[in-house]
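A note on names: the letters A, B, ... follow the listed sequences, proteins ahead of strands, and every chain is numbered from 1.
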There are 2 protein chains.
Amino acid sequence: MAQKNTLLTISEQTGYSVSTISRVLSGKAKTYRISRETETLIKEAAQRLNYQPNLIAQTLRTQKSNTVGLLIPEVDNPFFASLAGIIIGILHSRGYHVLLADSRESARDEVQELRMFMSRSVDGIICIPVSSTPDFHEHVSSQIPMVLIDRHFKKTSLSYVCTDNYAGSRMATEYLLDKGYKRILAIQGVPDSMPNKERVRGFVDAIGVHGVDYKIAGNAFSVENGNREILAAFSGGREYDAVFAFSATILLGAIDALRRLNLRPGKDVGIISYDNNGFLDFMDPAVTRVEQPLREAGKVAVDTLMEIIAARRAGHPDPASRQILIPPTLVVRGSC
Amino acid sequence: MAQKNTLLTISEQTGYSVSTISRVLSGKAKTYRISRETETLIKEAAQRLNYQPNLIAQTLRTQKSNTVGLLIPEVDNPFFASLAGIIIGILHSRGYHVLLADSRESARDEVQELRMFMSRSVDGIICIPVSSTPDFHEHVSSQIPMVLIDRHFKKTSLSYVCTDNYAGSRMATEYLLDKGYKRILAIQGVPDSMPNKERVRGFVDAIGVHGVDYKIAGNAFSVENGNREILAAFSGGREYDAVFAFSATILLGAIDALRRLNLRPGKDVGIISYDNNGFLDFMDPAVTRVEQPLREAGKVAVDTLMEIIAARRAGHPDPASRQILIPPTLVVRGSC
DNA sequence: AAAGCCTGCGCAAACGATTGTGCAAATTTG
DNA sequence: CAAATTTGCACAATCGTTTGCGCAGGCTTT
C-alpha cells in the first residue's frame, strides 16, 4: 500500500511547503515558529501517508548517517563473529545501525573497506585492524571517529581497547609450569597481530624464568593451523607434554590431531587455550583457558567512540586518546 | 592528506565539467564520446587527487546502493551469527556491502528494521523472519527484492530457502526410537517459528508410529531454556531416557542441568541435537545431531536474491517464487 | 501615525552524484 | 563549397532532505 512518500507528497497534500513539512517532522517546529495547528495537521498527514524519511537523502544533506562501520578480520571466525555480535548489540541499543565488513586478514582489503566506510559517511568506525602500520588508520581517524578493539598498534595516537594479552598468556603459561609441564608447544595465530605478539611475549617471558623446553609454531587462528602444527610437531619424534593453543579454533584442530595420534588431550598431553567459547566447558575434557572480558571491552569501545563523535560534533578537540588494556582471567578446568 | 574530493574538485583542477568527469570515471566515456586524451587526463587527475565517489550521493541519484540488508532474529545466538557470517561472506564475494540488523525476536522491531532498510535504499533484503504473518513482508518485497532464509511462512508468495526441518526432526527421532529409547523429551525453541513447528511435527509424527512416551517443552533457542526444562522435567520424578535438543544452545543448557542432577549425558540419558556447531564433535560425549547445509542454503538464497534484483532492474517480472527445502543430514556420534 | 517587531511560513541553495538534451566546432559527404 | 554529420563536451534538472534568509501581514510602541 504505502509507497514512496516524500516531503513533496505531503507538501502537495497539505498545501504547505516542503521546508515547513521538514521542520515539523524533524521536531523543529518551535524553533521555526510553526503554528501549533499547522504542526498537528502536517503530522497527521505524515501519519496517514505513512511517511518514512529517506535516510540516504538525509545523510547526504546532514553528513550524519546514524551508522557505525564495523570492520573485522574474518566473519567466519567464531571469535570475531562473537565479538562483532556483542558490539552490534551495544550499537543497536545506542540507536546506531551497523555496516559490517571484513578484511579477510588482508591489509589491502582493509584499506578498501575503510574507504568504503568513509564514502558512506558513517558516523564512526570500530575496527579490529589487520595491517601493521597505523598510517592509514590515523588518516581515517582524522576524518571519521574511530576506535580499535582487540588489536592495536604500538606507537599510535588512536584510541583502542584490548585485553592484556601479555598478562593472559603469561598467566596461562605459568599455570602450565606450576603443573610441572616440561616441554611446551605454543600454537600461535596470525603472527603479526598485536594480540599474538603479546601472547608470544608473555609465553616466552614466563618460560624464560623457568627454563623449560618450548616451541612456538603456527600462523593462523584456524582449525587447520592447529591440526597441521600438532602433526608437524609430534611426528618429528620430538614430543611435547603440553599444548597452549592461542585460540579455540586452533584448539579444535589440535585436539583432533592429537586424537589421531592416539594421544589423549588432558591426559597424555596437557591442554590450555585462549578463548571464551561456551563450549569449552562441555568438551572432553573441559578446557582450562584464558577468558577475555569481551562484553566489557565492547562497551568501553562503543562509549569511547560515542565520546569522540560527540566531541567533534560540538567542535571540541577529541578527548584524550584512550588506550586501554583490560585484564583477562584464567578459567581453570581439567585439561591440564 | 587526501581530503573529501568531489567531482567538483576534479572539475576545477582539470577545467572539464562535472558531467564529463562523471562519465569518464563511471566508465561511460565511449558512450558519451569523450576523447581518449581527455579521458586519461581526467583519470590521472582522479588518481592524483585520490578521488573516492560519495556512495551516498550515488545511491540517492541512482537508487541503487550495492548494499543488501540482512535481518536476523538475534545477533547473540551463535546459530544465527554463523548463518549470518556465511551469508555476509557470500554477499561480499558478490560485491555487496551488508547492513546487519536484528529483530530481537520481536515482530515490532522486525517491521522497524525492514522499514529502515527501505529508507536506506538497500538493493535487496535477506531475512530470517520473526513475525507469523507474511503481510508486511509481502509489502516490503513488492518494493525491494527479498528472500527469506531458515524460517518461512506457510501461505506466501515470497521466495525462501530453508532446510527440511520436518525431515530432519523425524530422522533424528526415528534414530532415537531405533536405539530403543522409550521416554523422550524434546526441548523446543521459539514455538511459533516455522522451523520449530516443523521439527515438532516431525518429532510427533515419528513418535506416533511407535507410540512411546514423550513430551515437548521449552520456548526459546537459549541455554537458559535448556537448563530450565531439564530441571523441570526431571525433578518431577518423571524421568526421560533421551533428550532431543532443538538447538546447540538448548543442548548446552540441558547437559549442564543433567550433570547437576548427576545424570551422565550419553550414558544415563541419550542426547541428540539439532545444529552444526563444530564443537559438537569435541564434547563429552560427541553429540549425534542433525546438521543443516547452511552454506548451500546461503548460496541459494543469495543467488535467488540476485536473480530477483536483476529481473527487476531489467524491467522483467520476478522469477517464479522459489520455495526450497534442502534436506539436512544426520551426523551420528556417540551420545545416543 | 510612522516606525518597529513578531508570526508564520515560503524560496532557493545546498549535499554530490547521474544523465537527457543542446550546441558549437571539426569533419565528412555529395 | 555548402550541407550534413560527427565529435566533444557543457547545461541544467534530478534524487529527497535541511536550513539560512526573506518577506508579507498583523500587532505593538511612542
Side-chain angles (χ1 to χ4, degrees), chain A residues 3-42 45-46 49-66 115-116 118-123 143 313, chain B residues 3-43 45-46 49 51-66 115-116 118-123 143 313:
Chain A
Q3 304 317 332
K4 320 210 75 175
N5 287 322
T6 72
L7 290 181
L8 210 247
T9 324
I10 305 187
S11 168
E12 285 162 349
Q13 293 266 328
T14 61
Y16 288 101
S17 78
V18 170
S19 19
T20 301
I21 316 274
S22 169
R23 298 200 243 248
V24 166
L25 295 183
S26 51
K28 307 218 175 75
K30 342 266 139 181
T31 24
Y32 284 95
R33 300 178 315 229
I34 313 293
S35 77
R36 189 154 289 288
E37 48 179 342
T38 305
E39 182 176 354
T40 62
L41 221 141
I42 291 181
L49 294 173
N50 191 21
Y51 169 76
Q52 301 289 135
N54 181 318
L55 297 182
I56 294 293
Q58 216 163 253
T59 299
L60 178 60
R61 177 62 226 238
T62 62
Q63 311 284 23
K64 35 173 298 191
S65 56
N66 258 281
R115 283 231 174 84
M116 183 272 284
M118 298 177 70
S119 23
R120 295 282 273 254
S121 312
V122 297
D123 294 344
Q143 317 255 111
R313 291 243 167 92
Chain B
Q3 303 317 333
K4 320 209 76 179
N5 286 322
T6 73
L7 290 183
L8 210 249
T9 324
I10 306 188
S11 168
E12 286 163 348
Q13 292 266 328
T14 62
Y16 288 100
S17 79
V18 169
S19 20
T20 301
I21 317 272
S22 168
R23 298 201 241 248
V24 166
L25 295 183
S26 52
K28 307 216 175 76
K30 341 268 140 179
T31 23
Y32 282 96
R33 301 181 313 229
I34 311 293
S35 77
R36 190 154 287 290
E37 49 177 341
T38 306
E39 184 176 353
T40 61
L41 220 142
I42 291 180
K43 279 186 177 162
L49 295 173
Y51 170 76
Q52 300 291 133
N54 182 318
L55 297 181
I56 293 294
Q58 216 164 249
T59 299
L60 178 60
R61 175 62 224 241
T62 63
Q63 310 284 24
K64 35 173 299 193
S65 57
N66 258 281
R115 283 230 173 85
M116 183 272 284
M118 300 177 67
S119 24
R120 295 282 273 252
S121 311
V122 297
D123 294 343
Q143 316 255 112
R313 290 242 167 94

When you get a sec, tell me which of [options] is the closest nucleotide to the side chain of [X]?
{"X": "B:L7", "options": "C:dG10, C:dA14, C:dT18", "answer": "C:dT18"}
{"X": "B:S19", "options": "D:dA10, D:dT7, D:dT19", "answer": "D:dA10"}
{"X": "A:I34", "options": "C:dG16, D:dC9, C:dC9", "answer": "C:dC9"}

Tell me which of A:P53 and B:T20 sits closer to the 5' end of DNA chain D, going by the nucleotide each one is nearest to.
B:T20
Does A:V18 or B:I21 map to a spot on DNA chain D nearer the 5' end, using the closest nucleotide for each?
B:I21
Is it true that a side-chain atom of B:S22 and a backbone atom of B:V18 form a donor plus acceptor pair closer than 3.5 Å?
no
Expected output: side-chain A:T14 to main-chain A:I42 donor-acceptor under 3.5 Å:
no
May I ask you to decide whether B:E39 forms a salt bridge with B:R23, counting only side-chain N to carboxylate O separations under 4.0 Å?
no
Value in whole Å for how far the [atom2] atom of [N] lies from [atom1] of [X]:
{"X": "B:K64", "N": "D:dT14", "atom1": "NZ", "atom2": "P", "value": "23 Å"}
{"X": "B:R36", "N": "D:dG8", "atom1": "CZ", "atom2": "C1'", "value": "14 Å"}
{"X": "A:L60", "N": "D:dT19", "atom1": "CG", "atom2": "P", "value": "13 Å"}
{"X": "B:E39", "N": "D:dT7", "atom1": "CD", "atom2": "P", "value": "15 Å"}
{"X": "A:R61", "N": "C:dA12", "atom1": "CZ", "atom2": "C1'", "value": "11 Å"}
{"X": "B:K30", "N": "D:dG8", "atom1": "NZ", "atom2": "P", "value": "12 Å"}
{"X": "B:Q63", "N": "C:dA17", "atom1": "CD", "atom2": "P", "value": "16 Å"}
{"X": "A:Q58", "N": "C:dG16", "atom1": "CD", "atom2": "P", "value": "17 Å"}

Using a 4.5 Å cut-off on heavy atoms from C-beta on, say whether the side chain of [Y] contacts that of [X].
{"X": "B:L55", "Y": "B:N66", "result": "no"}
{"X": "B:Y32", "Y": "B:V24", "result": "no"}
{"X": "A:Q52", "Y": "B:M118", "result": "no"}

Would you mind classifying the nucleic acid contact of [X] as base, sugar-phosphate or nothing, using non-hydrogen atoms under 4.0 angstrom?
{"X": "A:S22", "value": "base"}
{"X": "B:T38", "value": "sugar-phosphate"}
{"X": "B:Y32", "value": "base"}

Kindly say if [X] contacts the phosphate of [N], meaning a side-chain N or O under 4.0 Å from OP1 or OP2.
{"X": "B:Y16", "N": "D:dC9", "answer": "yes"}
{"X": "A:K28", "N": "D:dT18", "answer": "no"}
{"X": "A:S35", "N": "C:dC9", "answer": "yes"}
{"X": "B:T6", "N": "C:dG16", "answer": "no"}

Closest nucleotide of DNA chain C for B:R33 versus for B:A57: which of these residues is on the 5' side?
B:A57
Presence of donor-acceptor pair under 3.5 Å, side chain of A:R23 and base of C:dG8
no
